[in-house]
Novice: 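Before I ask anything, let me first share the structure, which is written out below as structure tokens.
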Amino acid sequence: MISRSFVTFLLILVSQFSFSQDSLSFLALGDSYTIGESVSESSRWPVQLADSLNIKGIYIKNPVIIARTGWRTDELKQAIEDKKPEKNYDLVGLLIGVNNQYQGKSPESYRSEFEELLDIAIAHANGNKSRVFVVSIPDYGYTPFGKKSQEKISNELDVYNNINKAITEGRGVKYFYITDISRQYDATLVAEDGLHPSGKQYALWVQEILNEEQFINSLR
């Protein structure tokens, strides 16, 4: 006679196997905002997004993150070329550009390099544009680090976000504008370093993504 505990054990194994087989792969590309500078791994927005989708029954594997603090568009492109990730991801997210602005790179160079990166992101989703999304650049002018130059930073980031939004929508890719979330003088939305978003702010970004029911349902 098979014991109840053994049956329970088998059901757990089957459930875990099913999750592993059916879950979606997720590639997140970016810079300090994607790697989650100054927050725990579990507070990174790609990880919070995966966790939230899992709760909704859209099973996502642990995100593969190609990102580093300080990366510009050209450095992210080089890192992708070096790491050679697979080109069959079920979901690909892209957030890049703040360091182009911070380092005084021209909007024109950002335009061409962002366009290349978006095409690369689409290629790594096996060409499926419906499984790619772009997140706008948050505004660090509303942090203690950037407060003194807030107007200049905000104006320049508006230019960069107008560029990435136009390119993204022109490609028929989903665009999530989270910049207004970052434009609040709220200490709880800033990490301890006084510059990067806190886990709480990243959670608000994730909620913005989850509110797009059509996009979320496309993952089912």
Side-chain angles (χ1 to χ4, degrees), residues 19 22-36 39 42-67 76 85 87-98 114-115 117-140 142 154 157-158 160-184 186 188-189 196-220:
F19 176 86
D22 299 336
S23 54
L24 305 177
S25 55
F26 177 20
L27 175 64
L29 306 171
D31 49 35
S32 59
Y33 297 131
T34 300
I35 200 64
V39 300
S42 63
S43 293
R44 297 169 176 171
W45 74 258
V47 176
Q48 290 199 56
L49 178 59
D51 289 344
S52 296
L53 290 172
N54 287 332
I55 292 171
K56 287 180 172 290
I58 303 172
Y59 299 117
I60 306 288
K61 298 175 184 176
N62 291 333
V64 174
I65 297 177
I66 300 179
L76 174 58
K87 293 190 175 182
N88 59 350
Y89 279 89
D90 299 302
L91 184 63
V92 180
L94 174 63
L95 164 53
I96 191 71
V98 69
F114 180 84
E115 195 166 17
L117 280 170
L118 184 54
D119 287 340
I120 289 170
I122 294 169
H124 282 84
N126 202 26
N128 188 349
K129 295 180 181 181
S130 69
R131 292 298 181 92
V132 179
F133 67 96
V134 169
V135 178
S136 68
I137 306 167
D139 190 344
Y140 68 94
Y142 286 76
S154 297
L157 288 178
D158 280 345
Y160 276 75
N161 278 326
N162 286 336
I163 290 171
N164 59 42
K165 183 177 189 289
I167 293 171
T168 300
E169 294 182 345
R171 286 287 195 280
V173 170
K174 187 62 188 176
Y175 185 82
F176 291 102
Y177 183 76
I178 54 78
T179 309
D180 282 348
I181 295 173
S182 68
R183 286 176 168 167
Q184 303 175 61
D186 181 345
T188 68
L189 299 182
H196 293 92
S198 65
K200 178 181 177 180
Q201 184 177 159
Y202 287 136
L204 294 176
W205 295 12
V206 168
Q207 189 56 55
E208 189 74 15
I209 296 172
L210 296 176
N211 286 341
E212 290 289 337
E213 293 185 9
Q214 185 175 356
F215 178 74
I216 298 304
N217 288 335
S218 72
L219 302 177
R220 296 186 186 279

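Along the sequence shown, the residues carry numbers beginning at 1. Given the structure is predicted, the values throughout are model-derived calculations rather than measurements.
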Novice: Using the side chain to side chain contact (heavy atoms under 4.5 Å, CB included) rule, take Tyr202 and Leu204 through it: C-alpha gap first, then chi angles, then the decisive distance, then the call.
Specialist: CA-CA 5 Å; Tyr202 287 136; Leu204 294 176; over 6 Å; no
Novice: Tell me whether the centres of the aromatic rings in Phe215 and Phe176 are closer together than 6.0 Å.
Specialist: yes
Novice: Roughly how far, to the nearest 0.5 Å, is the CD atom of Gln201 from the NE2 atom of His196?
Specialist: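 Separation between the atoms: 11.0 Å.
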Novice: So, taking the atom named CG in Leu94 and the one named CD1 in Ile122, what distance separates them when rounded to the nearest 0.5 Å?
Specialist: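 If we round to the nearest 0.5 Å, Leu94:CG and Ile122:CD1 are 9.5 Å apart.
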Novice: Under 4.0 Å between a side-chain nitrogen and a carboxylate oxygen: does that hold for Asp90 and Arg220?
Specialist: no
Novice: Could you check whether atom CG of Asn128 has more than 12 heavy atoms from other residues, nucleotides or ligands sitting under 6.0 Å from it?
Specialist: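 Yes, the 6.0 Å shell around CG holds more than 12 heavy atoms from other groups.
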Novice: Indicate whether any N or O donor in one side chain lies under 3.5 Å from an N or O acceptor in the other, for Ser130 and Ser218.
Specialist: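 No, Ser218 and Ser130 have no side-chain donor paired with an acceptor closer than 3.5 Å.
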Novice: Go through Leu53 and Tyr59 one step at a time and tell me if the side chain to side chain contact (heavy atoms under 4.5 Å, CB included) criterion holds.
Specialist: CA-CA 6 Å; Leu53 290 172; Tyr59 299 117; over 6 Å; no
Novice: Just wondering, do Leu210 and Ser52 contact through their side chains at under 4.5 Å, heavy atoms?
Specialist: yes
Novice: May I ask you to decide whether Arg171 forms a salt bridge with Asp119, counting only side-chain N to carboxylate O separations under 4.0 Å?
Specialist: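 Here Arg171 pairs with Asp119 in a salt bridge, since their nearest N and O are under 4.0 Å apart.
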Novice: Which value, rounded to the nearest 0.5 Å, describes the distance between Ile137 atom CD1 and Asp158 atom CG?
Specialist: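 Between atom CD1 of Ile137 and atom CG of Asp158 there are 10.0 Å.
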Novice: For the pair Asp51 and Lys61, evaluate salt bridge (Lys or Arg N to Asp or Glu O under 4.0 Å) and give the outcome as yes or no after the intermediate values.
Specialist: CA-CA 9 Å; Asp51 289 344; Lys61 298 175 184 176; over 6 Å; no
